[in-house]
A.B. asks: 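This is the structure, below, for whatever I ask next.
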Amino acid sequence: MSFQGYLDTIRTRTGLGPDDFVREARRRGLSGPDLKAADVISWLAADHGLGRGHSMAVVAVLKDALPASATGATDDGVAAVFSGRRGAWRATYDVLCQHVHALGGDTGVQPTRAYVGFTRAGRKFALVAPLIERLDIGLKLDPGVVHERLVPAGTWNSMVTHRATLHGAEELDAALLTQLGAAHEHAGR
């Protein structure tokens, strides 16, 4: 079963998505840098009847939600995401990052192994995932939002609702930056 398959099954069984588990884990004190898989597995088995495989998918979600400072990731984490041939997208990321930080002092950056998340007051509202041939930008907006630059995220990444794909740096325009601002605003609600 794929990672997304696990998340879909968990949502069907519990009615909860990744953001719900992140919030609940934070409330229970299970979201810091000392996060232990065994504690999460016990909690999910007791409260939600989930087995080890499904629980480990939630553990992965919780680890991805940790702020960069909690995981020890700093600029090195961002550099790792944009390493090798994906480095061609670093300048575009830097423009996005500058725009995000201009949105307010409550913004942050959370690098993971595959993407860099943007947060507002600790809540992820966007992510940037470089591939060799394209740059995917995920935004967490109201699901009903329709915009010519965006498609529904579907199963691409459960943390966001919409996705834009750039095939060249010149495709990053004011319309997309406006939608990034809307995602930031949405995270403040």
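This is a predicted model, so every value here is computed, not measured.
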A.B. asks: Any side-chain heavy atom of F82 within less than 4.5 Å of one from V128?
C.D. replies: yes
A.B. asks: Which heavy atom of A126 sits nearest to which heavy atom of L180, and what is that distance?
C.D. replies: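 In this case the closest contact between A126 and L180 is CB-CD1, 3.6 Å.
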A.B. asks: Is there a side-chain contact between F125 and V160 in this structure, where contact means two heavy atoms from C-beta onward sitting under 4.5 Å apart?
C.D. replies: no
A.B. asks: With rounding to the nearest 0.5 Å, note down the distance linking CG in D94 to CH2 in W89.
C.D. replies: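 Rounded to the nearest 0.5 Å, the CG-CH2 separation comes out at 13.5 Å.
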A.B. asks: Using a 3.5 Å distance criterion without hydrogens, assess whether the side chain of H162 forms a donor-acceptor pair with backbone atoms of V145.
C.D. replies: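 A pair under 3.5 Å: yes.
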A.B. asks: Determine yes or no for a side-chain-to-main-chain donor-acceptor pair under 3.5 angstrom, with R86 supplying the side chain and L131 the backbone.
C.D. replies: no
A.B. asks: Just how far is it from atom CG of L96 to atom CG of L135, taken to the nearest 0.5 Å?
C.D. replies: 7.0 Å
A.B. asks: Which distance, rounded to the nearest 0.5 Å, do you find between the CZ of F21 and the CZ of R26?
C.D. replies: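 With rounding to 0.5 Å, CZ (F21) is 14.5 Å from CZ (R26).
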A.B. asks: When rounded to the nearest 0.5 angstrom, what is the spacing between OG in S55 and CG in D39?
C.D. replies: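 Taking OG in S55 and CG in D39, the distance rounds to 12.0 Å.
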A.B. asks: Can you find a heavy atom in the side chain of W43 that is under 4.5 Å from one in the side chain of E24?
C.D. replies: yes
A.B. asks: Quick check: does any side chain N or O of D47 sit under 3.5 Å from a backbone N or O of L44, one acting as donor and the other as acceptor?
C.D. replies: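 Here the side-chain-to-backbone pair does not exist.
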A.B. asks: Using modelled atom types only, decide if a donor and an acceptor are shared between the side chain of D142 and the backbone of G144 within a distance under 3.5 Å.
C.D. replies: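 Looks like no, no N/O pair under 3.5 Å.
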A.B. asks: How long is the gap from CD1 on I41 to NZ on K36, to the nearest 0.5 Å?
C.D. replies: 13.0 Å
A.B. asks: Identify whether L103 and F118 are in the same connected component of the hydrophobic contact network (ILVMFWY, side-chain heavy atoms under 4.5 Å).
C.D. replies: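 Different clusters.
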A.B. asks: Using a 3.5 Å distance criterion without hydrogens, assess whether the side chain of E171 forms a donor-acceptor pair with backbone atoms of H167.
C.D. replies: yes
A.B. asks: Side chains of W156 and D136, heavy atoms from C-beta outward: is any pair under 4.5 Å?
C.D. replies: yes
A.B. asks: Could you tell me whether R11 and D8 make a salt bridge, using a distance below 4.0 angstrom between a side-chain N and a carboxylate O?
C.D. replies: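 Looking at R11 and D8, the cut-off is not met.
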A.B. asks: So, do V40 and M56 sit near enough that their side-chain heavy atoms are less than 4.5 Å apart?
C.D. replies: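 Sidechains of M56 and V40: no contact.
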A.B. asks: Output yes when a side-chain donor or acceptor of T14 lies under 3.5 Å from a complementary backbone atom of L16, and no otherwise.
C.D. replies: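 Indeed, once roles are kept as given, a pair shorter than 3.5 Å links the two residues.
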A.B. asks: Would you check if V116 and L127 make a side-chain contact, meaning some heavy-atom pair closer than 4.5 Å?
C.D. replies: no
A.B. asks: Which pair of non-hydrogen atoms, one from L7 and one from P18, has the smallest distance, and what is that distance?
C.D. replies: CD1-CG, 4.2 Å
A.B. asks: Checking T161 side chain against P152 main chain: does a donor-acceptor pair fall under 3.5 Å?
C.D. replies: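 No, because the side chain of T161 does not come within donor-acceptor range (under 3.5 Å) of the backbone of P152.
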A.B. asks: Is there a donor-acceptor pair closer than 3.5 Å between any side-chain N or O of H48 and the backbone N or O of L50?
C.D. replies: no
A.B. asks: Is any side-chain heavy atom of H186 closer than 4.5 Å to a side-chain heavy atom of L139?
C.D. replies: no
A.B. asks: Just wondering, are more than 12 heavy atoms of other shown residues or ligands nearer than 6.0 Å to CZ in R52?
C.D. replies: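 Not buried by this count: 12 neighbours or fewer within 6.0 Å.
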A.B. asks: Kindly give the heavy-atom pair with the smallest separation between A164 and L150, and that separation in Å.
C.D. replies: CB-CD2, 3.9 Å
A.B. asks: Can you establish whether the number of heavy atoms outside Q98 located under 6.0 Å from its atom CD is more than 12?
C.D. replies: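 No, the 6.0 Å shell around CD holds no more than 12 heavy atoms from other groups.
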A.B. asks: Are the side chain of H99 and the backbone of L177 linked by a donor-acceptor contact shorter than 3.5 Å?
C.D. replies: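 Yes; judged by distance alone, with no hydrogens or angles, the pair exists.
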A.B. asks: Any non-hydrogen side-chain atom of R149 less than 4.5 Å from a side-chain atom of Q179?
C.D. replies: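 With C-beta onward as the side chain, the pair stays apart.
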A.B. asks: Out of curiosity, R134 CZ to T165 OG1, how far, rounded to the nearest 0.5 Å?
C.D. replies: 5.5 Å
